[in-house]
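Taking it in order: structure first as structure tokens, then the write-up.
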Amino acid sequence: HPTGQWAKKVKGKFHYFGKDRDKALEEYLRVRDDLESGRIPPPKGEDRTTLKYLVNAFLTHQTSKVATGELTQRSFEDYHRTCEAMLDHFGREVAIESIRPDQLLGYRRQLTKGKKGETVAASTLGNEVNRVRIVLRFAFENGLVNVPVRFGEFKRPTKHVMRRQRFEKGQRLFEPAELRAIIDAADVQLKAMILLGVNCGFGNHDCGTLPLHAIDLDEAWIIFPRPKTGIGRRCPLWPETVAAISAVVEKRKTPVNASHADLLFLTKYGRPWFTEGKPSGVVTHEFRKLLDKLKLYRVGLSFYALRHTFQTISDELGDYIATKRIMGHADGSISDTYRERFPDERLRKVTDHVHTWLFGKAGA
């Protein structure tokens, strides 16, 4: 700058950092995130907890919870993505105490837009807002800051909004004739995944991470805790599902990575049907292509709608506890804490009911 100082113009205003080049650069890097975000930088030398420090402390704690089985790997990956997004938006060196409600509200507006500019689902927004709040609350609850962050209107969407959006999307439910056509048109692997979706209420991530050791084809059972929650699941398999899984095993490719040696589903390149640390979008993409080919796609239908279909049809039987056991849903009652086993016959009645709905009494 003509004054002889090193300076930087940020948001239309010059900021001066002294005549010593190295010290000026050091000071600029210290306050850059605050200036670019419109915040007043804290005085130099002030004790403060930065967002970078908080994120490191939070993720270290979550890693230990994964190691002890208190948190699933998938939930940890969700937290990791949330922390990376916060660092990108607020800056790594921002002081936790300086994050204001209006800035959080601006971040919430950003979260409502997807990567392609589309409006994200209310449930997706709600989950992300909840994770951000958990991370920021961690700072105060663990003594990293002296006062809690004020969230203001940085809240999850209301239940009213979520219900309305769900209504606008339409029913996430397949009809028997649609499902039979989809199953008939699917290739070997996708056919097995679809049958697992409607037989056991599996989602795309369940299929992508299903290990061989969880499957007993001789007895026709799957025992596989839900990856998202770690809740145990037992599901009796239909003859059609057993046959479809057997066909996958017969044509299964050799895994490229030894860590995937126990996965049932591998692509033609020997890779898993999911990307480490990301949702299983590959299954969703292939399923959508099949729906488009059959001209069956409509708003609200995705691979996960198979899980909705299983829940809806199995509920008709009235044995809600048995359905929860298959779906991997938490009961939440004190009785579930004391219930050490559950009759296989009741689980079979549930899957048999869905089988009859789909194929009729004579089967496929």
Side-chain angles (χ1 to χ4, degrees), residues 74 172-174 176 178-229 231-253 260 262-267 272-274 279-291 301-314 322-329 344 347-348 350-359 363-364:
R74 184 178 178 188
R172 300 177 67 178
L173 182 73
F174 290 100
E178 293 175 328
L179 276 177
R180 290 195 298 269
I182 292 167
I183 292 168
D184 290 342
D187 62 22
V188 173
Q189 293 205 63
L190 196 55
K191 179 178 182 179
M193 292 181 190
I194 294 166
L195 283 166
L196 285 169
V198 71
N199 181 172
C200 303
F202 272 26
N204 47 6
H205 193 74
D206 298 324
C207 292
T209 57
L210 178 61
L212 289 164
H213 72 260
I215 309 165
D216 186 343
L217 293 179
D218 293 331
E219 297 296 325
W221 280 90
I222 281 184
I223 302 174
F224 180 40
R226 194 175 174 208
K228 183 178 180 180
T229 61
I231 297 172
R233 287 183 300 189
R234 286 173 53 82
C235 181
L237 300 176
W238 302 334
E240 296 83 0
T241 311
V242 171
I245 292 175
S246 299
V248 172
V249 173
E250 184 179 345
K251 297 184 178 183
R252 184 174 174 271
K253 298 292 184 180
H260 303 139
D262 195 36
L263 290 179
L264 170 63
F265 295 108
L266 294 170
T267 68
W273 280 69
F274 65 92
S280 303
V282 182
V283 179
T284 301
H285 177 70
E286 291 300 315
F287 187 70
R288 171 63 187 272
K289 285 200 309 186
L290 181 58
L291 292 184
L301 286 191
S302 64
F303 189 89
Y304 215 72
L306 296 171
R307 188 167 165 82
H308 286 245
T309 300
F310 176 84
Q311 175 82 57
T312 303
I313 304 306
S314 64
T323 296
K324 285 183 177 182
R325 285 275 169 161
I326 295 173
M327 292 281 285
H329 285 156
D344 289 347
L347 300 178
R348 284 197 179 94
V350 169
T351 55
D352 286 349
H353 175 75
V354 180
H355 184 272
T356 301
W357 169 83
L358 178 56
F359 294 119

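Just so you know, these numbers come straight off a predicted model, no measurement behind them.
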Worksheet item: Who passes side-chain contact (heavy atoms from CB on, under 4.5 Å) against His353, sequence neighbours left out?
Response: Ile313, Glu316, Leu317
Practice prompt. Determine which pairs satisfy side-chain hydrogen bond (donor to acceptor under 3.5 Å, both in side chains) with at least one residue from residues 187-200, sequence neighbours left out, and list them in order.
Written response: Gln189-Trp273, Asn199-Thr241
In residues 211-223, what donor-acceptor pairs under 3.5 Å come from side-chain atoms, sequence neighbours left out?
{"from": "His213", "atom 1": "ND1", "to": "Asp262", "atom 2": "OD2", "distance (Å)": "2.4"}
{"from": "Asp216", "atom 1": "OD1", "to": "Asp218", "atom 2": "N", "distance (Å)": "3.2"}
{"from": "Asp216", "atom 1": "OD1", "to": "Glu219", "atom 2": "N", "distance (Å)": "3.1"}

Worksheet item: Which pair of non-hydrogen atoms, one from Leu195 and one from Ala244, has the smallest distance, and what is that distance?
Response: CD1-CB, 3.7 Å
Practice prompt. Have a look at Phe202 and tell me which of Leu306, Val283, Ile326, Leu210 forms a side-chain contact (heavy atoms from CB on, under 4.5 Å) with it.
Written response: Leu210
Worksheet item: side chain to side chain contact (heavy atoms under 4.5 Å, CB included) between Leu179 and Trp357: does it pass, once the steps are laid out?
Response: CA-CA 11 Å; Leu179 276 177; Trp357 169 83; 3.8 Å; yes
Worksheet item: Taking C-beta and beyond as the side chain, do Leu190 and Ile182 meet within less than 4.5 Å on heavy atoms?
Response: no
Fill in: Ile194 side chain near Phe287 side chain, heavy-atom distance below 4.5 Å
yes
Practice prompt. Sequence neighbours left out, what passes side-chain hydrogen bond (donor to acceptor under 3.5 Å, both in side chains) with Arg288? Give chain and number order.
Written response: Asp292
Practice prompt. Using the side chain to side chain contact (heavy atoms under 4.5 Å, CB included) rule, take Phe224 and Thr209 through it: C-alpha gap first, then chi angles, then the decisive distance, then the call.
Written response: CA-CA 10 Å; Phe224 180 40; Thr209 57; 3.8 Å; yes
Discussion item. Going by salt bridge (Lys or Arg N to Asp or Glu O under 4.0 Å), name the residues that satisfy it together with Arg233, two or more places apart in sequence or in a different chain.
Written reply: Asp206
Fill in: Note, Phe359 side chain near Pro176 side chain (heavy atom, < 4.5 Å)
no
Worksheet, complete the sentence: CG of Asn204 to CD of Glu286, rounded to nearest 0.5 Å, is 12.5 Å
Practice prompt. For residues Phe174 and Leu291, determine if any side-chain heavy atom of one lies less than 4.5 Å from a side-chain heavy atom of the other.
Written response: yes
Worksheet item: Given the rule in the side chain to side chain contact (heavy atoms under 4.5 Å, CB included) test, do Phe265 and Leu196 qualify, once you have shown the distances and angles that lead to the verdict?
Response: CA-CA 12 Å; Phe265 295 108; Leu196 285 169; 3.9 Å; yes
Fill in: Where Gly208 and Leu263 come nearest, the two heavy atoms and their spacing
O-CD2, 3.9 Å
Fill in: Residues that Ala185 engages under side-chain contact (heavy atoms from CB on, under 4.5 Å), provided they are two or more places apart
Leu290, Leu294
Practice prompt. Please name all residues satisfying ring-ring contact (aromatic ring centres under 6.0 Å, His included) with Phe310, sequence neighbours left out, ordered by chain then number.
Written response: none
Worksheet item: What distance separates Arg307 CZ from Cys200 SG, expressed to the nearest 0.5 Å?
Response: 10.5 Å
Item to complete: Would you indicate whether the side-chain heavy atoms of His329 and Ile231 approach each other to under 4.5 Å?
Response: no
Practice prompt. Provide the closest heavy-atom pair for Phe303 versus Gly203 in the form atom of the first, atom of the second, distance.
Written response: CE2-C, 3.7 Å
Item to complete: To the nearest 0.5 Å, tell me how far His260 NE2 sits from Thr267 OG1.
Response: 10.5 Å
Worksheet entry | Residues which pass side-chain hydrogen bond (donor to acceptor under 3.5 Å, both in side chains) with Thr351, listed by chain and number, not counting sequence neighbours | none
Item to complete: For Arg234, enumerate each residue passing the salt bridge (Lys or Arg N to Asp or Glu O under 4.0 Å) test, keeping only those at least two apart in sequence or located in another chain.
Response: Asp344
Worksheet item: After noting the C-alpha distance and the side-chain angles of Glu240 and His355, does the key distance pass the side chain to side chain contact (heavy atoms under 4.5 Å, CB included) rule?
Response: CA-CA 10 Å; Glu240 296 83 0; His355 184 272; 3.0 Å; yes
Worksheet, complete the sentence: Between Gly201 and Met327, the two heavy atoms sitting closest are CA-SD, 4.0 Å
Worksheet item: Do the side chain of Arg180 and the main chain of Leu358 share a donor and acceptor less than 3.5 angstrom apart?
Response: yes
Discussion item. Within the structure provided, determine whether Gln311 and His308 are in side-chain contact (heavy-atom separation under 4.5 Å).
Written reply: no
Worksheet item: Does any non-hydrogen side-chain atom of Ser302 lie less than 4.5 Å from one of Arg172?
Response: yes
Item to complete: Just jot down the salt bridge (Lys or Arg N to Asp or Glu O under 4.0 Å) partners of Lys253, sequence neighbours excluded, or say none.
Response: none
Practice prompt. With sequence neighbours excluded, tell me which residues meet side-chain hydrogen bond (donor to acceptor under 3.5 Å, both in side chains) with Thr309.
Written response: none
Worksheet item: Is there a side-chain contact between Val282 and Pro272, using heavy atoms and a 4.5 Å cut-off?
Response: no
